[in-house]
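The block underneath contains the structure these notes are about, expressed in C-alpha cells.
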Amino acid sequence: MEWKYVIPGIPDNFFERDEEIPMTKEEIRALALSKLRIRKGDMILDIGCGTGSVTVEASLLVGSTGKVYGVDKEEKAINLTRRNAEKFGVLNNIVLIKGEAPEILFTINEKFDRIFIGGGSEKIKEIISASWEIIKKGGRVVIDAILLETVNNAISAMENIGFMNLEITEVIIAKGMKTKVGTAMMTRNPIFIISGEKQ
Ligand SMILES: C[S@@+](CC[C@H](N)C(=O)[O-])C[C@H]1O[C@@H](n2cnc3c(N)ncnc32)[C@H](O)[C@@H]1O
C-alpha cells in the first residue's frame, strides 16, 4: 500500500483495525488536524492514540524534521499504532509510550507545539492542566469530545488555566448508505472539537 497524498483525512479503511480499539474517523480527523494547524518540524503529542490514525497523519504532516509522541493506557492500542505507523512508513518519526494520562505526561522530557487529546474524558481537567505544563508558548491544544460533561469540563478547565482563543465546533457527519430503494444518510454521533492556545 502506498499513501502519496498530504491532505488530512486518510480513508479509514487504510488503517489496520482492532474491534476493541476506537479510531477517530476520517472526516473528524481531518477537521481536528486542521484545528491543530500543524507545521513542518512540529513536536506533537497525541494523548489516547488508539488505532494510531491521528498519530500517523500528524507525522506525515510534520515531516522528517518533526516528531509525534503517541500515548495510550492500553498495550493493544500502542501495538496497533506501531503497526499502522510501520504500514505508512513513519515509525522513525514516532515515539510510543504506554501509560495513563495525566500521570504519564510528567515523565515525558519534552515540550510540545501541538497536543491532541482524543481520550481520557474522565480525567479531562487534569489532562488539560498537565498539557499546559508541557506545551510551548504559542502552542495549540485540540480536544475531541463526545460527552457534554467532557465539553463542559474541558471549556471551564481551559478558561481557568489561561488558554486563549477558545473555540468549540460541533460536527455531525452523515454518510450515505445504499438501501434497496436508494441512498439513506446515516448520522453518526455528534463530536465536539475544542481548541485553545497558550500565548
Ligand atoms: C477514541 S480513542 C482515540 C482514537 C485515536 N485518536 C485514533 O485516531 O485512533 C481513545 C483512546 O484513548 C485511550 N485512553 C483513554 N483514557 C486514557 C488516559 N487517561 N490515558 C491514556 N490513554 C487513554 C483509550 O485507551 C483509547 O485507545
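Atoms within a ligand are numbered from 1 in the order they appear, just like the ligands themselves. Quantities reported herein were computed from a predicted structural model and do not represent experimental measurements.
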Checklist entry - How far is atom 15 (C) of ligand 1 from its nearest protein heavy atom, and which residue and atom is that? => result G120 N, 3.4 Å
Checklist entry - Any idea which atoms of ligand 1 are less than 4.0 Å away from a heavy-atom of P22? => result 1 (C), 2 (S), 4 (C), 9 (O)
Checklist outcome for this item: Ranked by distance from atom 12 (O) of ligand 1, the top protein heavy atom is G48 CA, 3.3 Å
Checklist entry - With a cut-off of 4.0 Å, which atoms of ligand 1 are near a heavy atom of T51? => result 7 (C), 9 (O)
Item to check | Closest contact, heavy atoms only, I94 versus A85 | outcome: CD1-CB, 3.6 Å
Next on the checklist: Regarding atom 5 (C) of ligand 1: of the candidates C49, G119, G118, which has the closest heavy atom?
Outcome noted: C49
Can you give each donor-acceptor pair under 3.5 Å made by side-chain atoms of residues 187-197, sequence neighbours left out, with the distance rounded to 0.1 Å?
{"residue": "E197", "atom": "OE1", "partner": "N165", "partner atom": "ND2", "Å": "3.0"}
{"residue": "E197", "atom": "OE1", "partner": "Q199", "partner atom": "NE2", "Å": "3.4"}
{"residue": "E197", "atom": "OE2", "partner": "R140", "partner atom": "NH1", "Å": "2.6"}

Checklist entry - Does a salt bridge link K87 with E16, judged by any charged N lying under 4.0 Å from a carboxylate O? => result no
Next on the checklist: Heavy atom to atom 18 (C) of ligand 1, shortest distance: which of S53, G50, A101 holds it?
Outcome noted: A101
Item to check | Sub-3.5 Å N/O-N/O distance, K73 and ligand 1 | outcome: yes
Checklist entry - A77 to ligand 1: N or O pair under 3.5 Å? => result no
Checklist entry - Any link between L36 and L105 through a network of hydrophobic side chains (Ile, Leu, Val, Met, Phe, Trp, Tyr) touching at under 4.5 Å? => result no
Checklist entry - Counting each atom of ligand 1 from 1 as listed, which ones have a heavy atom of V54 under 4.0 Å away? => result 6 (N), 8 (O)
Next on the checklist: Which residue in the set R82, K76, R83 passes side-chain hydrogen bond (donor to acceptor under 3.5 Å, both in side chains) when paired with N79?
Outcome noted: R82
Checklist entry - Looking just at side-chain N and O atoms, do T24 and R29 make a donor-acceptor pair shorter than 3.5 Å? => result no
Checklist entry - Tell me: protein heavy atom nearest atom 26 (C) of ligand 1, and distance? => result D72 OD2, 3.5 Å
Checklist entry - Is the closest heavy atom of S121 to ligand 1 under 4.0 Å? => result no
Checklist entry - In ligand 1, which numbered atoms sit nearer than 4.0 Å to a non-hydrogen atom of E74? => result 25 (O)
Checklist entry - Can we say K98 and E74 salt-bridge, meaning some charged N sits less than 4.0 Å from an Asp/Glu carboxylate O? => result no
Checklist entry - At what distance is the nearest protein heavy atom to atom 6 (N) of ligand 1, and which residue and atom is it? => result T24 OG1, 2.8 Å
Checklist entry - Apart from M186 itself, what residues make up its hydrophobic cluster when side-chain heavy atoms of I, L, V, M, F, W and Y under 4.5 Å apart count as a link, directly or indirectly? => result M177
Item to check | D12/K25 ion pair, N-O < 4.0 Å | outcome: no
Next on the checklist: With respect to G52, determine whether any N or O atom, backbone or side chain, lies less than 3.5 Å from an N or O atom of ligand 1.
Outcome noted: yes
